Visitor: 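Below is a structure I'd like to ask you about.
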Amino acid sequence: MGEIFVVVEHRQDRIREIAFQMLWKGADLCEAGAHILNAVVIGGGEELPEEIRDRADRVIAVQGEDLATFDGEIYAGVLTDLLAEYRPLLTLMGHTPWGMDFAPALAVKTGLPLVTD
Amino acid sequence: MKIVVCVKRVPLTQEVDLALDPEKRDVRKDNLAHVINEWDNYAVEEAVRIKEKAGGEVIAVTVGREEDEEVLRRCLAMGADSAVRVDPDGLEPDAFVIARILAEVIGKVGYDLVLTGVQADDLNEGAVGILAAEYLGISRAAVVTGIEPEGEGARVRVELEGGTDEMCRIPFPALLSVQTGINEPRYVSIMGIRKAAKKELRVVNAGDLGLPEEELQARTTIEEVFFPPETGGAEILEGDPSRVAEEIIRIVREKGVNL
């Protein structure tokens, strides 16, 4: 049993469709392996974590002035800390302009392997 | 301004019947034509345009074997000043290893700006550029559709989803992964490639870069390559085009679309 992370993508304070798809897949994998599903929300509006509360076992929300809008370098830094703390066995991110900007950076920072597209 | 542009030679796979190699680890490439990766072609054009406007130098880099030098010759014909081929030296590099090697070579060459394509047409990973930026420890932006140098950096247009763009300022040194359509790449003639033959093309071996062994270990390996399974649900309409058109309209209406 372990943790699975889904990084919740949002734009202009709205959750993007890709996040719901990943949460569905994450739940599927958690059920198969008895893992814990974590929805990770960095930045965005204060009400975003509430919107996905029912779709994950745990919502990890990180908020702050610098995090309001997407910045690949800052977000990768926050996620690096979270990955060190929770040590999820799998982290899902969208293969979108968002994910393409910071998933590879995150892989280098953490030393983890990466599969895209 | 010193601009390094990273390129890859890829097999041309459109409108070709692809076959797998006997081990099913890759597509058979010996019978395929090879070209410069489409995204990289735009990156080279953009690098040369920035140089033509602001002055400086363009260096094209690839990680590949001797036959891959043809794409470097093409870059030189487009206006790059010199080129470097890094021979993998028996390594079977994945995106991480390629990015690590590129970062090492780019760091040694020196740069203000590094351009790559968003992704390569063969593996579609879309990772090497940003990985290299992280290894270099510099600012970066992915999926770039416009670059305007300005002071010690650039104003950069980034493509988001659904037709939305974002404008941001990025300080140099920086790495930008370039999207197709950012410009119109110039035509390269055989004559142009011949003329550029005198330009410098250096070869270095990956093994001679002094990188620690563990950084040259692939983190991902391909176990099997296969064709997507065929699924049902497709209806092929054949015959007279006007009848086909009528049939399409009927089906679309039946599915509830208002035309």
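Here the structure is a predicted model, which means the values were calculated and not measured. The sequence lines fix the lettering, A, B, ..., with proteins before strands; numbering per chain opens at 1.
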Visitor: I'd like to verify something: which residue of A:Thr96, A:Val108, A:Leu106 has the highest number of heavy-atom pairs under 4.5 Å with chain B?
Guide: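 Of A:Thr96, A:Val108, A:Leu106, A:Val108 has the most heavy-atom pairs under 4.5 Å with chain B.
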Visitor: Is it the side chain or the backbone of B:Ser139 that comes within 4.5 Å of chain A heavy atoms, both, or neither?
Guide: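 Both backbone and side chain of B:Ser139 come within 4.5 Å of chain A.
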Visitor: Heavy-atom distances under 4.5 Å only: say whether B:Gln119 touches chain A with side chain, backbone, both or neither.
Guide: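 B:Gln119 touches chain A through side-chain heavy atoms alone.
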Visitor: Would you name the heavy atoms of A:His95 and B:Asn124 that are closest together and state the gap between them?
Guide: NE2-O, 4.3 Å
Visitor: How long is the gap from CG on B:Leu123 to OG1 on A:Thr116, to the nearest 0.5 Å?
Guide: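 Answer rounded to 0.5 Å: 9.0 Å.
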Visitor: Does B:Lys24 NZ have over 12 foreign heavy atoms under 6.0 Å away?
Guide: no
Visitor: Output the option from A:Gly72, A:Ala76, A:Pro113 having the highest count of non-hydrogen pairs under 4.5 Å with chain B.
Guide: A:Pro113
Visitor: Would you find more than 12 non-hydrogen atoms of other residues, nucleotides or ligands less than 6.0 Å from B:Arg169 atom CZ?
Guide: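 Yes, because the 6.0 Å sphere around CZ of B:Arg169 holds more than 12 heavy atoms from other groups.
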Visitor: Do the non-hydrogen side-chain atoms of A:Val115 and B:Thr220 ever get within less than 4.5 Å of each other?
Guide: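 Of all side-chain heavy-atom pairs linking B:Thr220 with A:Val115, at least one is under 4.5 Å.
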Visitor: Pick one of side chain, backbone, both or neither for A:Glu9, based on which atoms fall under 4.5 Å of a heavy atom in chain B.
Guide: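 The answer is the side chain of A:Glu9.
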Visitor: Of the non-hydrogen atoms in A:Asp101 and B:Ala141, which two are nearest, and what is the gap between them?
Guide: OD2-CA, 3.8 Å
Visitor: Nearest 0.5 Å please: distance from the CZ atom of A:Phe102 over to the CD atom of B:Glu134.
Guide: 12.0 Å
Visitor: Looking only at heavy atoms, which two atoms of B:Phe96 and A:Leu112 are closest? And how far apart?
Guide: CZ-O, 3.6 Å
Visitor: Crowded around A:Arg14 CZ? As in, over 12 foreign heavy atoms under 6.0 Å?
Guide: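 No, because the 6.0 Å sphere around CZ of A:Arg14 holds 12 heavy atoms or fewer from other groups.
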Visitor: Once you round to the nearest 0.5 Å, how far does CZ of A:Arg11 lie from CG of B:Leu160?
Guide: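 Between A:Arg11 CZ and B:Leu160 CG, I get 4.0 Å after rounding to 0.5 Å.
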Visitor: Give a yes or no on this: more than 12 heavy atoms of other residues, nucleotides or ligands lie within 6.0 Å of atom CD of B:Glu214.
Guide: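 Count over threshold, so yes.
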Visitor: Taking atom CD of B:Glu184 as the centre, report whether more than 12 heavy atoms of other residues, nucleotides or ligands fall under 6.0 Å from it.
Guide: no
Visitor: A quick test of your reading: do over 12 heavy atoms of other residues, nucleotides or ligands sit less than 6.0 Å from CD of A:Glu46?
Guide: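 No, CD of A:Glu46 has 12 or fewer neighbouring heavy atoms, counting only those of other groups under 6.0 Å.
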Visitor: May I have the step-by-step check of side chain to side chain contact (heavy atoms under 4.5 Å, CB included) for B:Ile130 and A:Met100, ending in yes or no?
Guide: CA-CA 8 Å; B:Ile130 304 300; A:Met100 287 172 94; 5.9 Å; no
Visitor: If you compare all heavy atoms of B:Ala127 against all heavy atoms of A:Pro104, which two are closest, and at what distance to 0.1 Å?
Guide: O-CB, 3.9 Å
Visitor: Answer whether the closest heavy-atom distance between the side chains of B:Glu161 and A:Pro97 falls below 4.5 Å.
Guide: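 They are in contact (side-chain heavy atoms under 4.5 Å apart), so the answer is yes.
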Visitor: For atom CZ of B:Arg157, decide whether the heavy atoms of other residues, nucleotides or ligands shown that lie under 6.0 angstrom number more than 12.
Guide: no
Visitor: Quick check: are there more than 12 heavy atoms from other residues, nucleotides or ligands sitting under 6.0 Å from CZ of B:Phe226?
Guide: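 No, CZ of B:Phe226 has 12 or fewer neighbouring heavy atoms, counting only those of other groups under 6.0 Å.
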